[in-house]
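Reading through the structure tokens given below for one structure.
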Amino acid sequence: MTRSRRTRVAVASALALPLALAACGGSSGGGTQPTAGGSSAAGGATTTLRVLDYYNNDPGKTVWQKALEGCAAQAGAKISREAVPGASLIPKVLQQASSRTLPDLLMLDNPDLQQIAATGALIPLDQFGITGDGFAKGVVDASTYKGKLYGLQPSTNTIALIYNKDILDKAGVKPPTTWDELKATAKQLTKGGTYGFAVSAPANYEGTWQFLPFMWTNGGDEKDINTPQVAQAVQLWVDLMKDGSLSKSALNWTQADVNDQFKAGKAAMMINGPWQFPVLDAAKGLNYGVAQIPAPKAGEKVVAPLGGETWTVPQTKDKDKQALAAKVVQCLNSDESQLNLAKQNDTIPTKTALLASFSSTNPHIKAFADQIPTARARTGELGADWPKAATKIYTAFQAALTGQTSAADAVKQAQNG
Amino acid sequence: MADRPPLSGTTHAIPQPAGSTRTRPPAGAPGSPPAGDQGEGRRAGRRSLRRRERLAAAAFLLPAAAYMVLFFGYPVVKNFLMSFQKYSTSTFYTGEAPWVGLGNYRSVVHSSVFSKAMLNTALFTVGSIVGQFVIGLSLALFFRRRFPLSGVLRSLLLLPWLIPLIVSGAVWRWILDKDNGALNRFLAGVHLAPGHPGWLVTTSLALVAVILVNIWLGIPFNATILYGGLQDIPEELYEAASLDGATGWKAFRYVTWPLLRPVVSVVLVLGVVYTIKVLDIILGLTNGGPAHATETIATQSYHLSFQQFDFGQGAALGNILIAISLLFSVVYLRANRRAVDE
């Protein structure tokens, strides 16, 4: 214990030296923040926090780097960040969990949080006095495991109906708000090489994610998908495909493929998320609008799925670093930081009080933001059992869309595994 | 060309008469029997020599053996044990993996996807192997003739091998797209299939499409190895056969095929072992869909382990795959031994 304390002090002072020099050089940006070298070494003030996330592409990469550096500086620490490709994050976390080399600050995709929290590798945030007060309920649900909060999510996203204004104006129609309108409008807009409607419906979790707003809004539930509500939602997609309004290729499209179709004018409406805005804005002559997902009947509340990533503090040996990491999590979730991150990444703040003012700044984000208060987290109900349910859901709509079984049989067979 | 004696200037070289290409070990060098030793001493010396040789041999084997145990033995044994455990994400942190006996095997075999995946694995393997082998052999026979640019064309054949799988998967996905894919555009253009068949999105076509892409990937391997085998068949045999009236198909049947058989068996067995576990190209093209139409044991095992985080069940399915591969390897080894005995 004493020995490790002594080495820590030694390391801390060694780290403090170049920092102090850097401070003398005048390179430190924030004047209001305490200079790192100035505080006492015993408090671990100049420690470096190891950070792991998957924002490995710009603009997100740079935006997060700045946000993390800023918050770490406020807590009096530096960061050493590793951004891995999305698919290798969980394998990396599991590997680090077994070798006890988890980072001090860990980002997780929100549906993975409970899976990782269940291993015991994360610290409940109430130990640091952090609560989920003021956050959208779905967001807190996703980061809660067995009644305890393990992560906080500064920004979120969801999916909505993005439509080509020019095509709809030319046909003289408004964006649909009910399922019947959706079917009619999609059929009307299907002409030549253009499909009226596009979704991503492949045999993976991406397909499930796109199907959820239809299933949830209709009252379906992942606990048991063998219900008329889920079957009706499946039937909606089947009808759209049978009408020819939705290409059969949807069965193999990613959301990026769907976006490409829309961008190229080959789809008049699509289900997609705000992360596509940069691509859509870059397309010349494309005039698009965003509406909420059509509900089964007029006036029904849309229940969309919540996306986004949550920040956690893993179990490490160093209590001081844990406390610092928790401070960074808190700072990332401050009102100012939430608004800043949401603006720069085309996402939505997770504190309900910020939603109204935020959506007024960007007309495209309004429909997304309006869905957030009622939106649900994928793991809110089933927690670590979600992957099994998600598999059942895509198995069901794939079986029905390929014409192998009726919608009712598809949900029944998928539920019974 | 024979080695020539070194020209002047290389003073350290031992002068050799022109034409002698082999150097003889000087007398007394290790390996030559010691002259003059008799009786007990000689026998004891030989025994200790043999022991030393055996030790040296073991020492040379050690790195290879250690490598095998570390990189082949450990994963196989670990995977075997894993398949009898409830191995989840928690196991990575807590190290706890409760023993479940045959439970994992029972659940994967009884799952509704298993029989479908088994059938798909068989169809995929047989279809790919037959296609790759027939086309590969035809190309190898074709390139046996020398003609202008044959060398260039032969090396171009290797292209599918040079492209990373992720890239070829993405390109094929684009080619096979239903609405705007290059293939359907072409087929519609020549009025062959105006209906735009959904290669990757129709349950009846998806497996065929995936097999076709895998055949394309496997042709270079088959063609290259078989071409190598053909090079080893002496030209005189064909001349002799043609004197006996065996040309064309008959020459293939009675000269090429029997002499190519050992190479053919290697190609086929390796092909089966490679194909049965193909994962990346299927994940890249269809991800096992639509509606499990292209789900194989390998994709299902991947899915269980890395998407549902049920590593125990994934390992169980992986072991079933290993057992099937092993069966083919044993058949190959036996067939090979018989060939050697003959």
Side-chain angles (χ1 to χ4, degrees), chain A residues 87 90-91 93-100 102 112 114-122 193 195 201-207 247-254 257 260-261 264 266 314-315 384-388 390-391 394-405 410 413-414 416-417, chain B residues 87-97 107 110-114 116 166 170 173-174 176-181 184-185 195-206 209 282-295 299-300 302-311 313:
Chain A
I90 291 296
V93 169
L94 293 178
Q95 179 202 337
Q96 290 180 332
S98 64
S99 60
R100 296 289 188 277
L102 282 162
D112 291 331
Q114 305 200 18
Q115 194 74 240
I116 301 300
T119 68
L122 304 178
Y195 287 94
N204 58 36
Y205 299 158
E206 199 170 358
S247 168
K248 273 204 102 172
S249 301
L251 285 161
N252 210 19
W253 273 342
T254 63
D257 293 333
D260 285 343
Q261 298 289 324
K266 294 189 184 301
Q315 295 277 8
D385 284 334
W386 165 250
K388 286 208 165 33
T391 305
Y394 73 66
T395 305
F397 69 66
Q398 281 246 321
L401 286 176
T402 51
Q404 299 214 303
T405 52
Q413 284 168 15
N416 298 333
Chain B
Y87 207 103
S88 60
T89 39
S90 314
T91 311
F92 285 90
Y93 190 73
T94 58
E96 285 163 21
S107 356
H110 286 146
S111 96
S112 58
V113 192
F114 182 75
K116 176 104 190 155
I166 296 279
R173 235 173 75 97
W174 172 76
L176 296 172
D177 181 66
K178 184 178 183 299
D179 299 314
N180 302 300
N184 278 352
R185 281 281 173 101
H196 281 251
W199 295 106
L200 297 175
V201 293
T202 316
T203 44
S204 54
L205 282 178
I282 300 183
L283 289 185
L285 284 172
T286 60
N287 206 15
H292 299 304
T294 55
E295 197 84 70
T299 59
Q300 181 66 4
Y302 170 83
H303 185 86
L304 283 171
S305 289
F306 297 105
Q307 292 188 302
Q308 297 200 14
F309 302 121
D310 199 330
F311 296 91
Q313 287 195 15

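Numbers restart at 1 for each chain; the letters A, B, ... are given by sequence-line order, proteins then strands. This structure is a prediction, so every number in the text was calculated from the model and none was measured.
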Counting C-beta onward and ignoring hydrogens, is there a side-chain heavy-atom pair between [X] and [Y] closer than 4.5 Å?
X        : Y        : result
B/Asp310 : A/Lys388 : yes
A/Thr254 : B/Arg173 : yes
B/Asn287 : A/Pro202 : no

Self-check item: Interchain contact, B/His303 with chain A, by part (heavy-atom threshold 4.5 Å)
Solution: side chain
Which atoms of [X] approach chain B - backbone, side chain, both or neither, heavy atom under 4.5 Å:
X        : answer
A/Asp385 : neither
A/Leu401 : neither
A/Gln261 : side chain
A/Gln115 : both
A/Tyr205 : side chain

Quiz prompt | B/Gln308 versus A/Thr391, side-chain donor and acceptor atoms under 3.5 Å | solution =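 Side chains of A/Thr391 and B/Gln308: pair found under 3.5 Å.
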Quiz prompt | Largest heavy-atom contact set with chain A, pairs under 4.5 Å, which of B/Thr202, B/Thr94, B/Thr203, B/Thr91 | solution =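 Greatest number of close heavy-atom pairs with chain A: B/Thr203.
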Exercise. Evaluate the side chain to side chain contact (heavy atoms under 4.5 Å, CB included) criterion for residues B/Lys178 and A/Asn252: first the C-alpha distance (whole Å), next the side-chain angles of each, then the deciding distance (0.1 Å), finally the verdict.
Key: CA-CA 10 Å; B/Lys178 184 178 183 299; A/Asn252 210 19; over 6 Å; no
Self-check item: Heavy-atom pair count under 4.5 Å with chain B, highest-scoring of A/Ala118, A/Gly120, A/Gly403, A/Ala410
Solution: A/Gly120
